[in-house]
Student: 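Sharing a structure, written as structure tokens. Questions coming.
Here is the naming used below: chain letters follow the sequence lines, and residue numbers restart at 1 for every chain.
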2 protein chains.
Amino acid sequence: MRASETRRQIVEVADRLFYEIGYEATSFADIARDVGLSRGNFYYHFKTKDEILDAVIERRAATVHALLDTWEDAGESPSDRIRSFVRILVENRTKIMAHGCPVGTLCAELSKLQHAARDDAARLFALFRTWLARQFVALGHEGEADALALHLLMRSQGVAALATAFRDEDFIRREVADMEAWLEARCPAAPSTVSHRPD
Amino acid sequence: MRASETRRQIVEVADRLFYEIGYEATSFADIARDVGLSRGNFYYHFKTKDEILDAVIERRAATVHALLDTWEDAGESPSDRIRSFVRILVENRTKIMAHGCPVGTLCAELSKLQHAARDDAARLFALFRTWLARQFVALGHEGEADALALHLLMRSQGVAALATAFRDEDFIRREVADMEAWLEARCPAAPSTVSHRPD
DNA sequence: GTCTATAGCAGGATAGAC
DNA sequence: GTCTATCCTGCTATAGAC
């Protein structure tokens, strides 16, 4: 098999295992087994575990970019696009209840390990942050776009964390509906009469 | 030294290390070193790592109970008490930016490891949940007290997660102020004119 | 109750044959 | 590019002296 294809498979499997059982808990043997490789051959493709982590983070960044592009194209209005972001919590509820948010849990794990790739993982959050902020700017919230973006990111992280702890699907749906109502209050079509700060 | 005192020290050190570097990443050698014990002697007190984990979760539950009791006694009104809960995010900001929320990160880690103590850790969340719900009942929100409690827990988890990723103290303060405003709108003294559901 | 010594195993990583 | 065989390290855990 071509090296690039084997490499791609390794990163794909590692991405899944890092998400499902965590970076540290995933061993070379686990990845090799799932790819169908011997442990020895593994090192032809990746010299260290850190290298695989870098490749996985890069892959996730590409996935996030693709996702944001899809929403950008599909959403008629900025608020439709933001709604797409909010709704992934419901769409991915099964995985989230089992393993949390892929970005949030990786960041948390790498932070504790004081891993060098810690900031690279945080940059995945930043992708959502800047994209959301751009949508809020388009909605006319220039001065507070970044704060609103962080607020929404914060909520989605909180929902993911509690959904994992309590495994409560109704809770996810309730909070997503709440985020949509919050968003509705900030659309130019139905402007809030009180304040533009997150509440 | 008395066995019970040594045991207490082990649990105290393990509690700190599990928080700072994570359960799996913490080795017996780490704990033994910080306590000032030989690795061998360790097993006189705890037979397995899981036993230490159980003791740490028990210790954290006691800490949470003590904290809730303090707030219960100190807070003049239920909303004062809830405000105490919200403000730990600011008070513990340095530790939270470095290692996240002790409860949330433990739950996340044990979930990924599919550890048997997973649900015991989630029960730490439940302590806050029922306590907060009781305060909301006292504020006259009987039917939605649990949903409001979960909403506040969700927010605090989200803030902790993003604070760890971005290490942004201003973000924490802004969101805490926001939670206080949200709470203000739900106090009988200044009732919300729109709805009692979290928004 | 504390120590040293050590078993036993799994992980990351390497060498070299094919 | 893939394999087997192997090394080293660090971990959990045990045995037994003091």
Student: Is any side-chain nitrogen or oxygen of Tyr44(A) closer than 4.0 Å to OP1 or OP2 of dG1(D)?
Tutor: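 Answer yes for this pair, as a side-chain N or O of Tyr44(A) is under 4.0 Å from OP1 or OP2.
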
Student: Please state how far atom CD1 in Ile52(B) lies from atom C1' in dA13(D), giving the value in whole angstrom units.
Tutor: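 So the two atoms are 12 Å apart, to the nearest Å.
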
Student: So, for Phe171(A) and Phe166(A), is the gap between ring centers shorter than 6.0 Å?
Tutor: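 Centroid separation for Phe171(A) and Phe166(A): 6.0 Å or greater.
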
Student: Take atom NE2 of His45(B) and atom P of dC3(C), then tell me their distance rounded to the nearest Å.
Tutor: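 Rounded to whole Å, this separation is 9 Å.
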
Student: Side chains of Asp30(A) and Ser27(A): is there a donor and an acceptor less than 3.5 Å apart?
Tutor: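 Ser27(A) and Asp30(A) do have a side-chain donor-acceptor pair below 3.5 Å.
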
Student: Is the closest side-chain heavy-atom distance between Met179(A) and Leu89(A) below 4.5 Å?
Tutor: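 Heavy-atom side-chain distance check passes, below 4.5 Å.
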
Student: Heavy atoms only: give me the nearest Arg7(B)-Ala55(B) pair and the separation to one decimal.
Tutor: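 Here Arg7(B) and Ala55(B) meet closest at NH2-CB, 4.1 Å.
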
Student: Evaluate Phe28(B) against Phe46(B) for ring-ring contact (aromatic ring centres under 6.0 Å, His included), listing each step before the verdict.
Tutor: CA-CA 10 Å; Phe28(B) 278 25; Phe46(B) 289 98; 8.8 Å; no

Student: Starting at the 5' end of nucleotides 11-18 of chain C, put B wherever the base has a protein heavy atom under 4.0 Å, S where only the sugar-phosphate does, and a dash everywhere else.
Tutor: SBBB----

Student: From CZ of Arg33(A) over to C1' of dA10(C), roughly how many Å is that when rounded to an integer?
Tutor: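 It is 14 Å, rounded to the nearest whole Å.
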
Student: Quickly work out the Phe46(B) CZ to dT14(D) P distance and round it to whole Å.
Tutor: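 These atoms are roughly 15 Å apart.
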
Student: Please name all residues satisfying ring pair (Phe, Tyr, Trp, His ring centres under 6.0 Å) with Phe125(B), sequence neighbours left out, ordered by chain then number.
Tutor: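 Listed in chain order: nothing, the list is empty.
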
